[in-house]
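Throughout, protein chains are lettered first and strands after them, A, B, ... in sequence-line order, and every chain is numbered starting at 1.
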2 protein chains.
Amino acid sequence: MKNKSYNFFTHLANPTKFKIIMALKESPLSVTEIINTLKEEQSKISHNLKSLTQCHIVEVKKQGKKRIYELNKDTILPMIELVKLHARKYCLGKCHKD
Amino acid sequence: MKNKSYNFFTHLANPTKFKIIMALKESPLSVTEIINTLKEEQSKISHNLKSLTQCHIVEVKKQGKKRIYELNKDTILPMIELVKLHARKYCLGKCHKD
DNA sequence: ATCTCATATGAAAAATAAATCATATAACTT
DNA sequence: AAGTTATATGATTTATTTTTCATATGAGAT
């Protein structure tokens, strides 16, 4: 294997990270807003945001004591659309894991 | 979350499955050929092929006692291209997990 | 029918990833 | 500078995935 492209997918393969991505698809959000939207624990969200940021799936900007997270729509949005297409065409709306 | 799209990505997020996909990118292969190409254990490959098949990332056809696995290029190929693009643009060729 | 080759399967073990909990840091407020 | 809000971090626990190993099945050859 040339590169570790599969690492990239570990983010999208995770329910929590995926939910975060879906939330940020609508608009940029602060950590607190993400927590409230998803009703998940603070440190859980922070940990997940960290790895998403490191892989440039999301980007952060500081705003006072808040941190606003924004989706990298350029590549992530088409990616999500592609799975939807795959699911529609080949999995009749859902794709089973096992 | 409406659908379980993230399940789809679990396949691409796995090094063994990813290697299989990369091998099948070139041409359809029998299980034995995949084993020889990747130098991996038989049952390991079989298990991995099973879930890839169930998610329609690959398709099988029987040929005597062999089973030929083929990549579903329609959706998987563009998917791989998108990660490459992402890596080039945002990760300088590689995308770290942590 | 038996043998061999090709592949699949199930259960247990091993590896990996994710969540949790306690605590730390950073910036603003008073 | 002490308090408070917002977020991050590290270590441990917990959960999930993957591999392994032994065995089963299926198809063609003898």
Hey, is the main chain of [Y] close enough, under 3.5 Å, to the side chain of [X] for a donor-acceptor pair?
X: H86(B); Y: L82(B); value: no
X: E81(A); Y: P78(A); value: no
X: H11(A); Y: C55(A); value: no

Taking only side-chain nitrogens and oxygens of [X], does any of them come within less than 4.0 Å of OP1 or OP2 of [N]?
X: Y69(B); N: dA8(C); value: yes
X: N14(A); N: dA18(C); value: yes
X: T16(B); N: dT19(D); value: yes
X: K17(A); N: dA18(C); value: yes
X: N48(B); N: dT18(D); value: no

Quiz item: Please, which pairs that meet side chain to side chain donor-acceptor pair (under 3.5 Å) have at least one residue in residues 65-74 of chain A, sequence neighbours excluded?
Solution: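 Non-adjacent pairs meeting side chain to side chain donor-acceptor pair (under 3.5 Å): D74(A)-K89(B), D74(A)-Y90(B).
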May I ask you to test the [X]-[Y] pair for a side-chain heavy-atom distance under 4.5 Å?
X: L12(B); Y: K17(B); result: no
X: K25(B); Y: L77(B); result: yes
X: I20(B); Y: L29(B); result: no

For residues 36-49 of chain B, the salt bridge (charged side-chain N to carboxylate O under 4.0 Å, His left out) pairs (sequence neighbours left out) are K19(B)-E40(B), E40(B)-K44(B)
Return the polar atom pairs (N/O with N/O) between nucleotides 1-5 of chain C and the protein under 3.5 Å, or none.
none

Give the rounded distance in Å between these two atoms: [atom1] of [X] and [atom2] of [N].
X: K19(A); N: dA18(C); atom1: NZ; atom2: P; result: 14 Å
X: K44(A); N: dC21(C); atom1: NZ; atom2: C1'; result: 14 Å
X: K62(B); N: dT25(D); atom1: NZ; atom2: P; result: 15 Å
X: Y6(B); N: dT16(D); atom1: OH; atom2: P; result: 10 Å
X: L52(B); N: dA8(C); atom1: CG; atom2: P; result: 12 Å
X: R67(B); N: dT25(D); atom1: CZ; atom2: P; result: 14 Å
X: I45(B); N: dA8(C); atom1: CD1; atom2: P; result: 11 Å
X: F9(B); N: dT17(D); atom1: CZ; atom2: C1'; result: 18 Å

For this session: Strictly below 4.0 Å, heavy-atom distances to any atom of DNA chain C: list the hits from residues 33-42 of chain B, or just say none.
Result: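 When residues 33-42 of chain B is checked for heavy atoms under 4.0 Å from DNA chain C, the hits, listed by number, are Q42(B).
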- Message: Can you tell me which residue among V60(B), I68(B), L71(B) is in a side-chain contact (heavy atoms from CB on, under 4.5 Å) with P28(B)?
- Response: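 Between P28(B) and the candidates, side-chain contact (heavy atoms from CB on, under 4.5 Å) is satisfied uniquely by I68(B).
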Using nucleotides 10-15 of chain C, report all nitrogen or oxygen pairs with the protein that are shorter than 3.5 Å.
residue : atom : partner : partner atom : Å
dG10(C) : N7   : H47(B)  : NE2          : 3.3
dG10(C) : O6   : H47(B)  : NE2          : 3.2

Closest heavy-atom contact between T53(B) and L49(B)?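 Heavy atoms only, the tightest pair is OG1-O, 2.6 Å.
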| message | For Y6(A) and F18(B), take the angle between the two ring planes, folded into 0 to 90°, and tell me which bin it lands in: parallel under 30, tilted 30 to 60, perpendicular over 60. | response |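 The arrangement is tilted - the two ring planes meet at 30° to 60°.
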- Query: With a 4.0 Å cut-off on heavy atoms, is K66(A) in touch with a base, just the backbone sugar-phosphate, or nothing at all?
  - Reply: sugar-phosphate
Hits for side-chain hydrogen bond (donor to acceptor under 3.5 Å, both in side chains) against S46(A), two or more places apart or cross-chain, chain-then-number order -> Q42(A)
